[in-house]
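Below, each value reflects all heavy atoms present in this structure, side chains not excepted, and no hydrogens, waters or symmetry copies. Chain identifiers are assigned alphabetically (A, B, ...) following the order of the sequence lines, protein sequences preceding nucleic acid strands; residue numbering begins at 1 within each chain. Source: prediction; values computed, not measured.
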There are 2 protein chains.
Amino acid sequence: MQKTDPIRILVADDHPVVRAGLVALVDRRPDMTVVAEASNGQELLDQFLLHRPDVALVDLRMPEMDGADAIAAIRERAPGARVIVLTTYDDDEDIQRSLRAGAKAYMLKDAARDDLLAAIKAVHEGRTLIPPAIATKLAESIGAPTLTARELEVLALVADGKSNREIATLLFITEGTVKSHLSTMLGKLDASDRTQAVTIALKRGLLRL
Amino acid sequence: MQKTDPIRILVADDHPVVRAGLVALVDRRPDMTVVAEASNGQELLDQFLLHRPDVALVDLRMPEMDGADAIAAIRERAPGARVIVLTTYDDDEDIQRSLRAGAKAYMLKDAARDDLLAAIKAVHEGRTLIPPAIATKLAESIGAPTLTARELEVLALVADGKSNREIATLLFITEGTVKSHLSTMLGKLDASDRTQAVTIALKRGLLRL
DNA sequence: ACGCAAACCCACCCGCCGGCGGATGTGCCA
DNA sequence: TGGCACATCCGCCGGCGGGTGGGTTTGCGT
């Protein structure tokens, strides 16, 4: 095949500057073209279903609808959709969530131009692609335990400076129970302290300020 | 004056994608042109002194040399330099540091294209410009107290899950002294707890994970 | 149906955190 | 040179945090 149609791409990011950068990068290439843009998760879903692009570049942190949720929603109605996650952070949690949602590649925004373009081509050809740095991150977090919904609820209140007694009344349980949840979390996160538990959870993206 | 030279601009950001976006945005305008790029603070300083652009767009979070430090270094050798800070976050600390360093404008990366271009023109004409959202942030933080170097040192160890006794030995002081520092910080930050002290400091950008 | 793991719940004991009062040293300005 | 503000330093005491050991329910696999 000597002449094929260009790869049709959808760009989704809430920062106008970043969108402009991606569009500029892509449109310079003759074998790629941007067919649509979106600035939040809802738009992303709508635009995807409307244009059916070959590849979608999406940021995870977006208003209206979270990037990972949007990806899941897309792949529910278009199982073959090829999505590349492009984000600023390398939180374990974000990576896992987006890959579970069905993303084909995970790139950081500080990636070089060529790496990004290569990723687009690779994903378009049906391959999946995770950079080595991310892959090791992922491998590390395999053994990492997961917190239950209740535990996260407790931890969020801890981060807010609430005492065990306050948390207990807020959640309609006993102070002893709160301590128990906290204790298991200290074990899971390998933290020596409620404070360190919070900072570790923040590092891993389990918690947001 | 009907025809003037285009505004000469320097773009500094460690993300290639963002640089591409800014370049694309600016070069589309006939009255502006990008004369140089930099991907870290050191390059920024070198490129600025080499090209002497009319306006510099710089990201704060950069390797090698912090954006604010680079700005300070630039303005030391070129007092008239006009710098626009362009960042992802709206930490009180970052805002204040960069403005103290001599930045003429502070914009967030989620700003609209037109706002950004308007800011460039405004700064080039000698005006300074802070968006209302940032201005209120700044106003709020005026009354906010500042932590001493020693206090920050203690707080960083607290965030690491160290106990008061451990911190004491690490800093060659008594446990009582550590508690004292902590106590004054709780007052300054209006925190009820060492944990909340850490999260508040993180929110304000006084501390990094 | 059984075993089993995991989530959620609880009570008791000891040690550490945080509040309080107070001491010393340093820089600044009248 | 006194006075003031602030950073740094210290000890005592009550109350909260975290470890330990254990109980109940839900869901899952065989």
Side-chain angles (χ1 to χ4, degrees), chain A residues 92-93 96-97 100 141-202 204 206-207, chain B residues 93 96-97 100 141-204 206-207:
Chain A
D92 297 356
E93 189 67 8
Q96 291 206 331
R97 280 214 319 148
R100 259 198 307 269
S141 68
I142 289 298
T146 163
L147 298 186
T148 72
R150 194 61 158 175
E151 287 167 347
L152 277 176
E153 208 170 351
V154 170
L155 194 57
L157 292 171
V158 169
D160 235 45
K162 301 279 187 290
S163 76
N164 286 342
R165 187 180 304 266
E166 288 172 317
I167 296 173
T169 58
L170 285 173
L171 299 182
F172 305 106
I173 53 180
T174 327
E175 187 183 344
T177 305
V178 175
K179 291 183 181 179
S180 171
H181 286 304
L182 218 17
S183 193
T184 63
M185 279 192 277
L186 292 184
K188 285 183 181 178
L189 298 175
D190 193 34
S192 60
D193 194 88
R194 56 169 51 209
T195 305
Q196 195 182 19
V198 168
T199 60
I200 290 177
L202 287 173
R204 297 203 186 161
L206 299 170
L207 214 58
Chain B
E93 190 67 8
Q96 291 206 331
R97 279 213 321 149
R100 259 199 306 269
S141 68
I142 289 299
T146 165
L147 298 186
T148 72
R150 194 58 158 174
E151 286 166 347
L152 277 176
E153 208 170 351
V154 171
L155 194 57
L157 293 172
V158 169
D160 234 44
K162 302 279 189 287
S163 76
N164 287 341
R165 187 180 306 261
E166 287 172 317
I167 297 173
T169 57
L170 285 172
L171 299 182
F172 306 105
I173 54 181
T174 326
E175 188 182 343
T177 307
V178 175
K179 292 182 183 179
S180 172
H181 286 303
L182 217 18
S183 193
T184 62
M185 279 193 275
L186 292 184
K188 284 183 180 179
L189 298 175
D190 193 33
S192 59
D193 194 82
R194 56 168 50 208
T195 304
Q196 195 182 18
V198 168
T199 60
I200 290 177
L202 287 173
K203 275 187 211 161
R204 298 205 186 159
L206 299 170
L207 213 60

request  = Identify, residue by residue, the members of residues 155-165 of chain B with a heavy atom below 4.0 Å from DNA chain D, and return them in order of residue number, or none.
outcome  = none

request  = Looking at every strand, decide which applies to B/T148 at a 4.0 Å heavy-atom threshold: base, sugar-phosphate, or nothing.
outcome  = sugar-phosphate

ask   = Tell me, do B/I173 and B/R150 make a side-chain contact under 4.5 Å, heavy atoms counted?
value = yes

task = Kindly state which residues belonging to residues 170-181 of chain B come within less than 4.0 angstrom of DNA chain C, counting heavy atoms of the residue only, listed by number.
result = B/E175, B/K179

query = Side chains of B/I200 and B/M185: closer than 4.5 Å at any heavy-atom pair?
reply = no

query = Heavy atoms, side chains only, cut-off 4.5 Å: are A/V198 and B/V198 in contact?
reply = no

inquiry  = Within the structure provided, determine whether B/H181 and B/I167 are in side-chain contact (heavy-atom separation under 4.5 Å).
reply    = no

note = Partner of A/L206 under side chain to side chain contact (heavy atoms under 4.5 Å, CB included), picked from A/L189, A/D92, A/L155, is A/L189

remark   = Of B/R194 and A/R150, the one whose closest nucleotide on DNA chain C sits nearer the 5' end is A/R150

note = Taken to the nearest 0.5 Å, the spacing of A/D160 CG from B/S192 OG works out to 8.5 Å

remark   = Note: chain B reaches DNA chain D at heavy-atom distances under 4.0 Å over the stretch, first to last nt, 5' to 3', of D/dA7 to D/dG11

query = Side chains of A/L157 and A/E166: closer than 4.5 Å at any heavy-atom pair?
reply = no

task = Start with the C-alpha distance between B/L170 and B/E153, add both sets of side-chain angles, then the distance that settles side chain to side chain contact (heavy atoms under 4.5 Å, CB included), and finish with yes or no.
result = CA-CA 11 Å; B/L170 285 172; B/E153 208 170 351; over 6 Å; no

query = Between A/L171 and A/V178, is any pair of side-chain heavy atoms under 4.5 Å apart?
reply = no

message = How many whole angstroms separate atom CD1 of A/I167 from atom P of C/dC9?
response = 13 Å

query = Is A/R204 salt-bridged to A/E93, going by a charged N under 4.0 Å from an acidic O?
reply = no

